[in-house]
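Because the structure is predicted, anything quoted here is derived from the model rather than measured.
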Amino acid sequence: MKFSNGNWLNKEGYTLEHPMELYDVEKKERSLTVYAPFTPIIHRGKTLDGGMMTVELSSPLEDVICVKLSHHSGGIAKGPHFELQKEDVPIHIEESDEKLLFSSGNLHAAFHKKGEWKLDFYNEEKQLASSRDMGMSYIVTDQKEVFMREQLSLDVGELIYGLGERFTSFVKNGQTVDIWNEDGGTGSEQAYKNIPFYLSNKGYGVFVNHPERVSFEVGSEKVSKVQFSVEGESLEYYIINGPEPKQVLEKYTVLTGKPSLPPAWTFGLWLSTSFTTNYDEETVTKFINGMEERDIPLDVFHFDCFWMKEFEWCNFLWDDRVFPEPEKMLMRLKEKGLKICLWINPYIAQKSPLFKEASEKGYLLKKTDGSVWQWDKWQAGLGIVDFTNPEASSWFEHKLAGLIDMGVDSFKTDFGERIPTDVCYYDGSDPKKMHNYYAYLYNKVVFDLLEKKAGKGQAALFARSASVGSQKLPVHWGGDCWGTYPSMAESLRGGLSFGLSGFSFWSHDIAGFEQGATPDLYKRWTQFGLLSSHSRYHGNTEYKVPWLYDEEAVDVTRVFTKLKNTLMPYLYRIACESTLTGVPMMRAMVLEFIEDETCHYLDRQYMLGDSLLAAPIFNDQGIVKYYLPKGKWTNFLTNQVVEGEKWHTEEHGYLTLPLMAKENSIIAVGSVESTADYDYLSDVTFHVFELAAGSLISTDLYSNTGIKTGWAEAKREGNTIVFKVSETVKNYSVLLRNITEASVSSGITEVTNDGIVLKAEENIVEITL
């Protein structure tokens, strides 16, 4: 929201008040409070008839400083409030004639006691950001609306990322961003998953602790400022010190919650009925058998909306016209080794047999007059479940529990963005704060039920909406995209922004939701989709099985599904580490290569974990232009070695693309192609890429239940490589990429097109090049 008229004037109808001096200080063991009048106190009479900003500093975690600005503090603090994990950390307060310093760990906040009003944030290495002049402001409009605003400095060359899953430009400089969940598809400034947190390439982050609408002006109102504002009498934000971007994400997710680990089977291929297509048990069986007949591995089958009768979403009852025996059908599908996902939303249509029950028991959101809030958007006369009512949540859970008992493993928790503000909640929550936060409550009810029924570590959603903390409730997908290359690219931008907002697991509708995909686009998007955290075919009006496009699409689907399954020892290690660090699986290049400024702008390629770079192809000519940071990179698919610190232009068929392995890396590859869920410590081949003399590299291995149970390392001195694995690793091999001659201390070697393969017989083997 903009309040100014150019550089010197305010917008007409807006009155701004701001701190003029540091007048008084209150020091406590865990906090520092500064009282800053809106008028310079040049004599005692100026202490009358004027307002004041109260600025309180505290620290919930080491290296994190909370700043709370207050004008009038006597209001009722209605919820909801984000669930934050705070610790009792030591702080340090120091005062001199010039400054008042508040420190937490390596992060410092300094008030200047003389001259213009200024609050600086810095670490031991550099200045991070400053609030100065009229940055902190209390604003009143002619209509008596009140707002609180902060402006933090934006340095030369400083770039801002994150703010949720946003499909606009990857770098947020120059943008106006409102944190307000909306169902806007992937082709607009609106977003399903708005997160009031941004990350700077200077190595710090800012989290605005408000569930309601937060309006950001990122160098868009004042070009050297990041401005954020909220309605009301107070504003609270957190400065998070890295000093590296990965460390910022780690600390942010300590504060707001670490991502939960999805079960291993979720990383396999998901196939959907699609949305408005005609389908019944025969259609579903035909698709599943068709995948099996064509040797395409499939782990999850998804039933979209029309598993229930039209006009009745949700009734949680199978449409018996097309699914007369759902229990038997699910039993047959699960005998094929499939997991089952069902579409749901948090709405109850008026025609649903559940509507009357929910209405009479007070389970739906109400208007201020006590009647049920309804509208005709999406479903005729729908009402919205009030998850602040414990009985309503239990009722919703009970309906889903019956489906789980029937054999359902996961739910696609669609919608949750179009939440009205002219309503009353059971627990008295502020409806403006609940608009975004509703997504968290809705998905948490479903996730917790799945975890209760299936066991810890076995719960997974396919969710569209999100708020702060929703990273604890994976997986999320990108929503309604189009079957075009620009939409494929915007989907990736959204996913990369999402990953820089504290979320580790993300997916998208392969080949687009809206419009019909061409065979060319289907194949290119398949490559991208199966090199994503999670992979699902889904559409609106068309089926997404590959043979409906062409036979080559079948080949591409088969090859890349099997590729992803064999990469699971590597990918699941990355997934497990993500739950500890908050660093996403699909990483924007800036996150992995902060020292390379070219990487700060890249949004058409990404790191899949720490060792693989993927550059999807976004055109029907098969041409890709991508950038490699410094070092030697090996195409995982073609074995071609390419020099980094430069741009490359290549042409690829549908079975290859730039999937580049970083030098001095070990990538663990499994031997199972048929599923994503198997033993990752048995029959593993360790691919070693460009191991330099004097290098020691290693990788950990995790079980398919997420437990770290093994490791491997390679050390090179001169022409000798010593390769070691833990005792838990069984029947392993080593593939030295692009090495064609070597002798080994034990084991059997074979020369392949990719390099020498050593079938090891001991846990330590010496290789002489």
Side-chain angles (χ1 to χ4, degrees), residues 159 201 203 242-247 496 499 531 563 567 569-571 573-574 577 581 583-617 624-650 652 656-669 685-700 712-723 734-740 742 753-756 767 769:
L159 304 177
N201 63 347
E244 299 297 325
K246 285 184 179 179
Q247 295 169 312
L496 295 180
L531 293 173
L563 171 67
L567 283 173
Y570 166 76
L571 294 175
R573 188 262 296 179
I574 299 299
E577 292 174 354
T581 64
V583 176
M585 291 189 69
M586 297 174 68
R587 303 172 184 178
M589 297 296 292
V590 63
L591 196 59
E592 202 69 33
F593 300 97
I594 187 64
E595 74 286 350
D596 188 334
E597 288 200 26
T598 300
C599 292
H600 293 198
Y601 298 87
L602 302 181
D603 62 6
R604 298 193 304 274
Q605 61 185 73
Y606 56 95
M607 293 297 294
L608 183 58
D610 51 24
S611 299
L612 284 174
L613 181 154
I617 297 170
V624 58
K625 186 175 183 180
Y626 65 101
Y627 176 80
L628 292 177
K630 186 177 181 179
K632 289 185 177 181
W633 297 76
T634 305
N635 189 308
F636 192 89
L637 304 175
T638 69
N639 218 37
Q640 180 185 6
V641 178
V642 183
E643 287 290 341
E645 212 166 15
K646 62 175 67 174
W647 285 89
H648 297 271
T649 302
E650 298 172 357
H652 286 265
T656 63
L657 80 164
L659 180 61
M660 313 303 293
K662 190 169 65 173
E663 67 180 10
N664 290 316
S665 62
I666 302 174
I667 296 178
V669 178
T685 299
F686 296 98
H687 293 231
V688 180
F689 295 90
E690 297 295 325
L691 182 59
S695 296
L696 172 63
I697 59 176
S698 63
T699 186
D700 289 323
E713 70 172 36
K715 182 178 182 180
R716 179 174 174 179
E717 296 289 349
N719 287 330
T720 300
I721 297 174
V722 176
F723 198 91
V734 180
L735 171 53
L736 302 176
R737 286 292 193 110
N738 285 305
I739 300 294
T740 56
N753 291 334
D754 289 334
I756 287 182
I767 306 168
L769 305 180

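Considering all non-hydrogen atoms of both residues, R573 and D700 come closest at CG-O, 3.2 Å. Closest non-hydrogen pair, I767 versus A742, comes out as CG2-CB, 3.9 Å. Nearest heavy atom pair, residue P629 against residue C599, reads CG-SG, 3.8 Å. The shortest heavy-atom contact between V688 and V734 is CG2-CG1, 4.0 Å. Nearest heavy-atom pair across P245 and I594 is CG-CD1, 3.9 Å. Among all heavy-atom pairs drawn from L496 and M586, the shortest one is CD2-O, 4.2 Å.
From N639, atom CG reaches atom CG of L735 across 7.5 Å, with rounding to the nearest 0.5 Å. Separation of atoms OG (S665) and CG (D610) is listed at 8.0 Å; rounding is to 0.5 Å. Rounding to the nearest 0.5 Å gives a distance of 10.5 Å between NE2 of H600 and CE of M589. Note that CG of L769 is 10.0 Å distant from OG1 of T740, once rounded to the nearest 0.5 Å. In this structure, L571 CG and I667 CD1 are separated by 9.5 Å, a value rounded to the nearest 0.5 Å. Note that CG of L691 and CD1 of I721 are 5.0 Å apart. Values are rounded to the nearest 0.5 Å.
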* To do: Could you give me the CA-CA distance, side-chain angles and deciding distance for L159 and Y601, then say whether side-chain contact (heavy atoms from CB on, under 4.5 Å) is met?
  => CA-CA 9 Å; L159 304 177; Y601 298 87; 3.6 Å; yes
* Could you go through the side-chain contact (heavy atoms from CB on, under 4.5 Å) check for K246 and L591 one step at a time? => CA-CA 6 Å; K246 285 184 179 179; L591 196 59; 4.0 Å; yes
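Considering only heavy atoms from C-beta on, D596 stays 4.5 Å or farther from K630 through its side chain. Taking 4.5 Å as the limit, some side-chain heavy atom of F723 sits within range of a side-chain heavy atom of I666. Within the 4.5 Å cutoff, the side chain of E713 has heavy atoms near those of the L696 side chain. No side-chain heavy atom of H648 sits under 4.5 Å from any side-chain heavy atom of K625. Side-chain contact between L567 and L612 is present, with heavy atoms from C-beta onward closer than 4.5 Å. The shortest side-chain heavy-atom distance between V590 and R587 does not fall under the 4.5 Å cut-off. In this structure, T598 and F593 have side chains that are not in contact, with every pair of non-hydrogen atoms separated by 4.5 Å or more.
For R604 and Y627, the positive end is not near the middle of the six-membered ring at less than 6.0 Å and at most 45° from its axis.
Ion pairing between E690 and K662 fails under the 4.0 Å rule for side-chain N and carboxylate O.
The main-chain N or O of L613 is never found under 3.5 Å from a side-chain atom of Y626 such that the two would form a donor-acceptor pair. Using modelled atom types, one side-chain atom of N635 and one backbone atom of L657 make a donor-acceptor pair closer than 3.5 Å. Put simply, the side chain of T581 gets close to the backbone of E577: a donor and an acceptor are under 3.5 Å apart.
A centroid separation of less than 6.0 Å is found between the aromatic rings of F636 and H687.
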